[in-house]
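One structure is given here, and the rest of the page talks about it.
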Amino acid sequence: MPIPPLRRAPVQRRSAERLGRILDACAELLDETGYEDLSTRAVAERAGVPIGSVYRFFSNKRAMAEALAHRNLDQYAARVTERLAKSGTDGGGWREAMDVVVDEYLAMKRGAPGFALVEFGMPVPVTAPPEQPNHLVADRLRGLLGERLGLEESGEAGERVRVAFLLAVETADALLRLAFRVDPEGDPVIVAETKELLRSYLAGVLD
């Protein structure tokens, strides 16, 4: 999935690498200073690029944070895909797939720069968000797991699966945020109970 919203998409390899350095710097500074104190100038200095290079891609710091959120989703999807490929999870393994989905989120929450604040969406409330991050996550996961797990994609059954994925993502999002409020590493009891709740709910749809 392309990273929006870019003023200009990178064409050459060097330009793509520069964009990557800018987003890496943005992620690092979010961890260090938070969103309110983030600035395009600080990002440019950390990335080792002229300030004009930042404005070549982004109009402001919000655009950078949104692009980082989309990159996070791409990286998350890649991690889930790689883990599932290694595990050999197939049509009968939705429980194992669900554990992978949760565990890779936890791993990024604990270790990916900037992820603790941005995750897959804006780090600050906005009155009219252009998109709803959990819808994007649910749709991406449904696309990743659909063929592997033999999920219905159309008709009434397909709609039920779509809604189930969205509700599962919304539920996991709320409970795992609680887990990290209780414990900076994610409270293990809340994580375990979240998985159990998801298994109970999804069994009625996916079994």
Step by step, work out the side chain to side chain contact (heavy atoms under 4.5 Å, CB included) result for Met64 and Ile22.
CA-CA 9 Å; Met64 275 195 300; Ile22 290 170; 4.0 Å; yes
Can you tell whether the side chains of Glu17 and Arg13 come within less than 4.0 Å, N to carboxylate O?
yes
Are side-chain heavy atoms of Asp173 and Glu119 found at a separation under 4.5 Å?
yes
Is there a chain of hydrophobic side chains (I, L, V, M, F, W, Y, each step under 4.5 Å between heavy atoms) that links Val101 to Tyr201?
yes
Same cluster or not: Val169 versus Leu178, using hydrophobic residues (I, L, V, M, F, W, Y) connected whenever any side-chain heavy atoms lie under 4.5 Å apart?
no
Ignoring hydrogens and angles, tell me if any N or O in the side chain of Lys61 forms a donor-acceptor pair with the backbone of Tyr35 under 3.5 Å.
yes
Same apolar cluster: Leu141 and Leu166, side chain cutoff 4.5 Å:
no
Go through the steps for Asp99 and Arg199 under the test salt bridge (charged side-chain N to carboxylate O under 4.0 Å, His left out), then give the verdict.
CA-CA 9 Å; Asp99 282 345; Arg199 290 188 192 101; 3.1 Å; yes
Side chains of Phe165 and Leu151: does their closest heavy-atom pair fall under 4.5 Å?
yes
Which distance, rounded to the nearest 0.5 Å, do you find between the CG of Leu19 and the OG of Ser53?
10.5 Å
Val189 and Val182, any side-chain heavy atoms less than 4.5 Å apart
no
Nearest 0.5 angstrom please: Glu193 CD to Asp187 CG, how far?
10.0 Å
Test your reading of the model: is there a side-chain donor-acceptor pair from Asp31 to the backbone of Gly114, 3.5 Å cut-off?
yes
Taking atom OG1 of Thr194 and atom CE of Met98, what is their separation to the nearest 0.5 Å?
9.5 Å
I'd like to check Val54 versus Arg41 (side-chain heavy atoms, cut-off strictly below 4.5 Å). Are they in contact?
no
Closest heavy-atom pair, Ile190 versus Leu175, reported as atoms and distance to 0.1 Å, is CG2-O, 3.5 Å
Can you tell me if Glu159 has over 12 outside heavy atoms packed within less than 6.0 Å of its CD?
yes
Side chain proximity check, Val205 to Val163, heavy atoms < 4.5 angstrom
no
With salt bridge (charged side-chain N to carboxylate O under 4.0 Å, His left out) as the test, would you mind laying out the steps for Arg46 and Glu32 before giving the verdict?
CA-CA 12 Å; Arg46 177 64 62 90; Glu32 295 173 15; 2.9 Å; yes
Test item: Thr40 and Asn60 side chains (from C-beta on) under 4.5 Å apart, heavy atoms:
no
Check Cys26 against Leu38 and note the closest heavy-atom contact, atom names and distance.
SG-CD2, 4.0 Å
Flag the pair Asn72 / Tyr76 as yes when at least one side-chain heavy-atom distance between them is below 4.5 Å, and no otherwise.
no
Lys/Arg N to Asp/Glu carboxylate O, Arg62 vs Glu66, below 4.0 Å
yes
Assess whether a salt bridge exists between Arg162 and Asp139, defined as any Lys/Arg side-chain N lying under 4.0 Å from an Asp/Glu carboxylate O.
no
Does the side chain of Tyr105 reach to within under 4.5 Å of the side chain of Val137, using non-hydrogen atoms?
no
What one should report as the nearest heavy-atom pair of Arg71 and Gly20 is NH1-O, 3.6 Å
Please give me the minimum heavy-atom distance between Ala67 and Leu23, naming the atom from each residue.
CB-CD2, 4.0 Å
Closest non-hydrogen atoms of Ser15 and Arg56, given as atom of the first, atom of the second and distance, are OG-NE, 4.4 Å
Mind checking the CD-OG1 spacing from Glu28 to Thr33? Nearest 0.5 Å is all I need.
11.5 Å
Spacing of CZ belonging to Arg83 relative to CD belonging to Glu104, to within rounding of 0.5 Å
4.5 Å
Is it true that Arg142 and Glu147 make a salt bridge, defined as a side-chain N closer than 4.0 Å to a carboxylate O?
no
Quick one: do Ile51 and Val43 satisfy side chain to side chain contact (heavy atoms under 4.5 Å, CB included)? Show the steps, please.
CA-CA 8 Å; Ile51 186 67; Val43 169; over 6 Å; no
Within the 6.0 Å centroid threshold, strictly below: Phe120 and Phe115
yes
Of all the heavy-atom pairs spanning Arg140 and Ala77, show the shortest one and how long it is.
NH1-CB, 3.2 Å
Between Leu68 and Leu30, is a side chain to side chain contact (heavy atoms under 4.5 Å, CB included) present by the stated rule, with each step listed?
CA-CA 11 Å; Leu68 178 62; Leu30 281 170; 3.6 Å; yes
When you check the gap from the basic side-chain N to the acidic O, do Arg95 and Asp207 get nearer than 4.0 Å?
yes
dist Lys86:NZ -> Thr81:OG1 (nearest 0.5 Å) comes out at 12.0 Å
Check: Leu167 main-chain N/O paired with Thr171 side-chain donor or acceptor under 3.5 Å:
yes
